[in-house]
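Report on the structure given below.
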Protein chains: 2
Amino acid sequence: MTRAVTLSEVAREAGVSPSTVSRILNGTARVNDDKARQVRQAIEKLGYTRNAFARSLATGSSGIVGVLTPDIASPFYNDALSGIERGLMGSGFSPLIISGHWRTGEEEHAVSLLLNRRVEGLIILGGQMPDHEIREVAARLPVGVLGREVDLKDWGGVALTMDNRQSARDLVTYLVGRGHRVIGHISGPQDHTDARDRLRGYREALEECGLRFQPSLVVQGDFQEPSGLIGMQRLLNRHADLTAIFAANDQMAYGARLALHRLGLRVPEDMSLIGFDDLPGSSYTTPPLSSVRQPMAEMGQWLARYVLGRLRGETPEPFAPRQELMLRESVASRRGTH
Amino acid sequence: MTRAVTLSEVAREAGVSPSTVSRILNGTARVNDDKARQVRQAIEKLGYTRNAFARSLATGSSGIVGVLTPDIASPFYNDALSGIERGLMGSGFSPLIISGHWRTGEEEHAVSLLLNRRVEGLIILGGQMPDHEIREVAARLPVGVLGREVDLKDWGGVALTMDNRQSARDLVTYLVGRGHRVIGHISGPQDHTDARDRLRGYREALEECGLRFQPSLVVQGDFQEPSGLIGMQRLLNRHADLTAIFAANDQMAYGARLALHRLGLRVPEDMSLIGFDDLPGSSYTTPPLSSVRQPMAEMGQWLARYVLGRLRGETPEPFAPRQELMLRESVASRRGTH
DNA sequence: CTGTTAGCGCGTTCAC
DNA sequence: GTGAACGCGCTAACAG
């Protein structure tokens with residue numbers, strides 16, 4: 001790559017001073033129309049592209065908001081990324097997305113890379129990074145976190161989380177209301193807060209409804225499809241009287257669905273099934289899967305706006321993400337109810 | 001954000017000159033161990049983070065590879081993003097991802113933003129940007145394109161594309177081989193090259209097999225699920241003797257699947273179904289969907305390596321992406337075959 | 001309105 | 001080994 005054209009070269013070509021070119025580029029001050037035209041021509045002729053580094057160095061601001069995502073290919077977090085993009089649009093800021101692959105070391109590396117690039121704000125999606133490290137960053141710049149509980153109040157940051165426990169409770173209560181009495185749960189990995197909360201919600205809902213919690217009705221998966229398939233088989237072996245399954249996420253529900261299909265069991269006639277997360281595909285499974293939707297895009301957008309607001313010194317308006325039960329066709333009523 | 005600590009502040013704190021600190025940071029030259037230790041302490045104490053802008057400005061290299069993706073939330077292209085990440089890993093380069101939302105204007109804006117940030121290479125995934133603009137960029141830096149046909153040879157770039165036509169032919173030939181004689185096609189939007197090629201492959205396969213191509217067996221969709229659902233219904237109304245469907249992508253196949261489900265038609269017993277793209281979910285639909293897999297991650301990784309190689313002045317080894325027929329359980333044999 | 005001057009934070013000669 | 005001086009490309013005061 002041949003050395004790029006500089007602003008002063010443009011200035012020389014147009015017969016004006018560098019500052020004039022700068023002023024035209026930034027609209028910082030009114031300039032003579034004639035000169036403006038000449039400068040534009042020179043820019044065109046030389047194929048000038050402004051150097052963002054030099055600019056940032058001089059102005060002291062990067063125009064970048066860092067985004068740390070656990071996985072660039074996660075359908076779940078990517079909705080949040082879309083929201084962040086939308087929230088940043090037209091603000092003059094652009095996102096710099098780095099993924100941490102759920103590994104603390106990589107996440108820390110990513111954050112320091114972002115700090116090196118002088119991001120002016122940071123949005124963290126999920127991940128494993130220790131709370132105190134997040135707070136350290138939050139002390140320096142506006143930070144918004146999505147999908148994990150971090151106390152950032154004293155540091156001037158926010159964490160948007162969903163009430164996994166409550167939603168799980170709602171889901172299971174719904175199943176009970178439809179007449180189900182023997183409800184299995186395919187849980188997520190128990191070192192994961194969300195997974196624990198969803199299991200807790202399941203248990204609490206059962207007890208609130210006067211049903212006994214039985215450990216044998218729970219199998220643990222890893223949030224991936226295969227574990228849902230295996231879990232379903234195990235559950236079926238243990239409890240022939242099972243009529244409904246609550247999977248801790250949609251992916252495992254898909255796995256369970258396939259296990260049932262292979263056994264010739266119909267959903268929802270023979271077995272009701274319910275998931276969590278409402279992946280884009282879930283409205284087109286057969287039958288469409290009931291699940292709970294987290295407004296990832298809205299949350300992402302709000303976080304972007306939050307960071308921008310803080311950058312402008314505004315006090316942000318609060319936001320309460322609302323999870324939504326997406327009731328579709330994967331649950332049937334059992335006779336003998338009510 | 002309080003002004004960040006600079007290198008010279010570290011130098012002063014450690015009682016050495018800025019250049020010494022720089023040398024230690026970069027390992028550019030051997031320095032006294034004692035001083036090195038003092039500098040490290042100063043860095044620690046002051047919480048110094050290096051300014052990537054100043055560094056890039058001084059060195060003249062950004063360490064960034066730009067990535068233009070049509071949609072940050074597309075499951076299809078995101079596999080490629082993962083591959084790019086992997087390909088860049090450990091190279092000292094990091095990706096800067098911007099999405100163009102399938103809009104030419106936004107894409108152009110994104111590219112100029114990347115150019116401003118002095119990316120040293122560029123990877124373009126799909127999109128709508130005119131070929132000549134891509135060539136213009138390719139004349140300045142290493143460019144790799146994925147998923148669209150662009151002639152970049154004379155500009156020193158590559159475009160990785162898949163043979164959609166051939167794969168579609170293989171798929172349809174496979175259906176015919178399994179005894180199907182009346183095969184419907186839900187096509188993609190015909191202003192889209194991939195969609196056209198897949199339709200052509202369908203048609204050619206039919207003719208090669210001695211079956212007549214009938215326009216009434218084709219309905220046009222838009223690559224989204226709902227259009228697959230509607231298309232399926234329309235096809236069924238026109239041709240009661242239909243035994244198999246080739247959908248131009250998996251998403252439409254999902255829609256078709258649901259339409260069949262609602263009508264009480266079984267897959268594959270009553271209707272065989274086949275898609276294209278092999279989305280992550282397709283191995284867990286009921287039944288698992290036959291499709292054709294494009295090695296997006298591998299292609300992304302290769303492109304990253306390609307760009308890095310060009311940056312180092314190497315001549316890249318060629319790469320022929322191979323599509324793979326993923327034959328699963330959504331196709332049945334019809335009696336009377338062979 | 002416009003040109004001149006002085007940095008922004010860092011890497012890199014070039015002398016010592 | 002190490003420091004001083006200069007420049008990377010641009011913006012922002014400061015005069016005019």
Side-chain angles (χ1 to χ4, degrees), chain A residues 1-40 42-43 46-64 92 112-113 115-120, chain B residues 1-40 42-43 46-64 92 112-113 115-120:
Chain A
M1 176 172 152
T2 57
R3 222 193 74 271
V5 181
T6 71
L7 183 143
S8 8
E9 288 170 357
V10 172
R12 200 177 319 132
E13 172 77 24
V16 299
S17 80
S19 19
T20 301
V21 178
S22 172
R23 284 191 264 261
I24 293 175
L25 251 29
N26 301 309
T28 314
R30 285 208 59 76
V31 297
N32 188 317
D33 283 357
D34 278 357
K35 301 205 173 182
R37 198 163 329 106
Q38 294 193 32
V39 168
R40 287 191 204 299
I43 289 178
L46 268 37
Y48 170 71
T49 29
R50 205 205 196 118
N51 186 326
F53 297 139
R55 191 174 143 77
S56 296
L57 190 57
T59 59
S61 68
S62 63
I64 302 183
S112 71
L113 200 143
L115 257 25
N116 284 348
R117 298 219 188 280
R118 293 296 186 264
V119 297
E120 302 185 47
Chain B
M1 173 171 151
T2 57
R3 221 192 76 271
V5 181
T6 71
L7 182 145
S8 11
E9 289 170 357
V10 172
R12 199 177 317 133
E13 172 76 25
V16 299
S17 80
S19 13
T20 301
V21 178
S22 172
R23 285 193 261 260
I24 294 176
L25 250 29
N26 301 308
T28 315
R30 285 209 60 76
V31 296
N32 189 318
D33 283 358
D34 278 358
K35 301 205 174 181
R37 197 165 329 108
Q38 294 193 31
V39 168
R40 286 190 205 300
I43 288 178
L46 268 38
Y48 169 71
T49 30
R50 215 201 189 110
N51 186 327
F53 296 140
R55 193 173 143 74
S56 297
L57 191 56
T59 59
S61 66
S62 62
I64 302 181
S112 70
L113 201 145
L115 257 23
N116 285 348
R117 299 220 188 279
R118 294 296 185 264
V119 297
E120 302 185 48

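Distance, B:Arg50 CZ to C:dC8 C1': 17 Å, rounded to whole Å. Protein atom CD of B:Glu9 is 13 Å distant from nucleotide atom C1' of C:dC8, rounded to whole Å. The interatomic distance linking A:Asn51 (CG) with C:dG9 (P) rounds to 16 Å, in whole Å. D:dC10 atom C1' lies 13 Å from atom CD1 of A:Ile43, rounded to whole Å. Distance CD (A:Gln38) to C1' (C:dT2): 14 Å, rounded to an integer number of Å. Atoms CD1 (A:Ile24) and P (C:dT2) sit 8 Å apart, rounded to a whole Å. Between the P atom of D:dG1 and the CG atom of B:Asp34 lies a distance of 13 Å, rounded to the nearest Å. Going from atom CZ of A:Arg12 over to atom P of C:dT4 covers 13 Å, rounded to whole Å.
Heavy atoms of A:Thr20 sit under 4.0 angstrom from primed sugar atoms or phosphate atoms, though from no base atom.
For B:Ser22, a side-chain nitrogen or oxygen approaches OP1 or OP2 of C:dG11 to under 4.0 Å. Within the structure, every side-chain polar atom (N or O) of A:Thr6 is placed at least 4.0 Å from both OP1 and OP2 of D:dG9. Between C:dC1 and A:Lys35, no contact under 4.0 Å exists linking OP1 or OP2 to a side-chain N or O. In this model, the phosphate group of C:dG9 is not approached by any side-chain N or O of A:Arg118 to a distance below 4.0 Å at OP1 or OP2. Side-chain nitrogen and oxygen atoms of A:Asn26 include at least one within less than 4.0 Å of the OP1 or OP2 phosphate oxygen of D:dT11.
For C:dG3, the base has a donor-acceptor partner in the side chain of A:Arg23 [N/O atoms by modelled type, under 3.5 angstrom]. In this model, a side-chain donor or acceptor of B:Ser19 finds a partner on the base of D:dA4 within 3.5 Å.
Distances from the side chain of A:Asn32 to the nucleotides C:dG11, C:dG7, C:dC1 place C:dC1 closest. Ranking D:dG9, D:dG1, C:dT4 by closeness to the B:Arg30 side chain, first place goes to D:dG1. Relative to the side chain of B:Leu57, the nucleotides D:dC10, C:dC10, D:dG9 differ in distance, and D:dG9 lies closest. Listed candidates were C:dG11, D:dT2, C:dG7. Nearest to the side chain of A:Ala58 is C:dG7.
Using modelled atom types, one finds a donor on one side chain and an acceptor on the other under 3.5 Å when comparing B:Arg55 with B:Asn26.
When every heavy atom of A:Glu120 is checked against every heavy atom of A:Gly63, the shortest pair comes out as OE2-N, 2.6 Å. The shortest heavy-atom contact between A:Ala14 and A:Gln38 is O-OE1, 3.1 Å.
Put simply, the side chain of A:Thr6 does not reach to within 4.5 Å of the side chain of A:Arg50, judged on heavy atoms.
Nucleotides of DNA chain D nearest to B:Ser17 and A:Ala54 differ in position, and the one nearer the 5' end is that of B:Ser17. Along DNA chain D, the nucleotide nearest A:Tyr48 and the nucleotide nearest B:Ala29 are compared for position; the residue whose nucleotide lies closer to the 5' end is B:Ala29.
Within the 3.5 Å criterion, the main-chain N or O of A:Val16 finds no donor-acceptor partner in the side chain of A:Thr20. Remark: the backbone N or O of B:Asn116 is not paired with any side-chain donor or acceptor of A:Thr49 at under 3.5 angstrom.
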